[in-house]
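So the structure is just underneath, and the comments pick up after that.
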Number of protein chains: 2
Amino acid sequence: MRLTSKGRYAVMALVDLARFDGINPVSLRDISLRQGISLDYLEQIFSKLRKKEIVQSVRGTQGGYILNRKAKEIKLTNIFDAVDEKVKTVQCKKESKKGCNGKSTKCLTHNLWDELETHINNFFDKKSLDDLVKENLERRL
Amino acid sequence: MRLTSKGRYAVMALVDLARFDGINPVSLRDISLRQGISLDYLEQIFSKLRKKEIVQSVRGTQGGYILNRKAKEIKLTNIFDAVDEKVKTVQCKKESKKGCNGKSTKCLTHNLWDELETHINNFFDKKSLDDLVKENLERRL
DNA sequence: TGATACTTGACTATTTTGGTCAGGTTTATA
DNA sequence: TATAAACCTGACCAAAATAGTCAAGTATCA
């Protein structure tokens, strides 16, 4: 089970953005340089973040991106959701009425995976972008 | 982030095995039929489980597999470890002294991923095979 | 009017996943 | 002792996901 780099980069980029937020828009070029993420890839990611209204874009010279909500109100869940980073533990969800492996009952471990998903999502629901920025500032001191 | 089917199947198969454990060895053929998992694939998985001493094999006619420890003492962690299902949230662990993206500091979100890993592994450390069997029996009533 | 920056979509190489297939070896039992 | 059931091993492969790159724009500010 692994986290994809899209999700990881999205969070890294947003933490970077959040630290500079409030003064000027932050350009993807700057984030790319600071975080070592390819500019093209960042563009893909921010396109998704914009569609989900997590960031706003500012065009033109000195343009860039700004947060669309307060950092405290942006949870990891929102970010992962935006970039399609999903926690998938079972493949049998859709046909859960029919049962899992085409059988009439749920597979022996169905409940387990549901619990696991909930457990992980709890973590994501609690953490906000603001938490991350603060943790980061503390570490720097 | 998704769970691979190898890990899922390993747990399913072991729960199946644990339910019949104690009387006779359970053949992979039976597990294959009951759980709808390819026999060849099961063999791959059980080979790994045996190497990690989670199960014991009994050869010959009427042979099969039995648990090598009590179900209560087999944690999900052990199972996932055996089949190489790992929780990977960062790729930067190895060079953690140097920092992540080749830079001198840890990446902004390094701590976050560590926390996440711990959070998930906590779940796996707590759950034993025995828990799963019991949950399953309860549901059946 | 140019430079900067966002926007979109197609494309692709690599890796991982989720197996299959073939050809064994071992052992209980008839 | 033959044979069938069961384990054991390793090679192989197709499909999907990942992790981007590339190209060709469009919008806007200075």
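Per chain, numbering begins at 1; letters A, B, ... match sequence-line order. These numbers were taken from a predicted model, which means no experiment stands behind them. Keep in mind that the numbers below use all heavy atoms, side chains included, and drop hydrogens, waters and symmetry copies.
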Linked, directly or transitively: A/Phe124 and A/Val15 (ILVMFWY side chains, under 4.5 Å): yes
Contact between A/Thr109 and A/Trp113 at the side-chain level, heavy atoms closer than 4.5 Å - yes or no? yes
Inter-axis angle, terminal five-pair segments of the helix from C/dT1-D/dA30 to C/dA30-D/dT1 [nearest 10°]: 10°
Candidate pair A/Asp125 and A/Lys75, rule side-chain contact (heavy atoms from CB on, under 4.5 Å), full reasoning: CA-CA 6 Å; A/Asp125 281 336; A/Lys75 304 291 183 183; 5.5 Å; no
Gap between atoms CD and P, on B/Gln56 and C/dT27 respectively (whole Å): 14 Å
Does a side-chain N or O from A/Tyr9 land closer than 4.0 Å to OP1 or OP2 of D/dG20, or not? yes
Using a cut-off of 4.0 Å between protein heavy atoms and nucleotide atoms, how would you tag nucleotides 7-16 of chain C 5' to 3' with B, S and -? BB-B------
Can you check side-chain contact (heavy atoms from CB on, under 4.5 Å) on B/Thr77 and B/Asn121, steps first, answer last? CA-CA 7 Å; B/Thr77 309; B/Asn121 283 324; 5.6 Å; no
Check this for me, if you would: do A/Lys127 and B/Glu115 make a salt bridge, where the nitrogen-to-carboxylate-oxygen distance has to be below 4.0 angstrom? yes
Counting heavy atoms from C-beta on, name the nucleotide in D/dA4, C/dC6, D/dG20 closest to the side chain of B/Thr61. D/dA4
Quick check on D/dA19: is either OP1 or OP2 less than 4.0 Å from any side-chain nitrogen or oxygen of A/Ser38? no
Short side-chain N/O contact from B/Ser27 to OP1 or OP2 of D/dC7, under 4.0 Å: no
Within 6.0 Å of CZ in B/Arg29, more than 12 heavy atoms from elsewhere: no
Protein-nucleotide distance (B/Leu39, atom CG; C/dG18, atom P), rounded to Å: 19 Å
Would you tabulate the side-chain donor-acceptor contacts of residues 39-64 of chain A under 3.5 Å, counting partners in other chains and residues two or more places apart, or write 'none'?
{"residue": "A/Lys48", "atom": "NZ", "partner": "A/Asp84", "partner atom": "OD2", "Å": "2.9"}
{"residue": "A/Gln56", "atom": "NE2", "partner": "A/Asn68", "partner atom": "OD1", "Å": "3.1"}

Would you say A/Ile66 and A/Ile79 are hydrophobically clustered, going by side-chain heavy atoms of ILVMFWY under 4.5 Å? no
For B/Gly60 and for A/Leu3, find the nucleotide of DNA chain D with the closest heavy atom, then tell me which residue's nucleotide is more 5'. B/Gly60
Contacts of A/Arg29 and A/Met1 projected onto DNA chain C by closest heavy atom; the upstream (5') one is A/Arg29
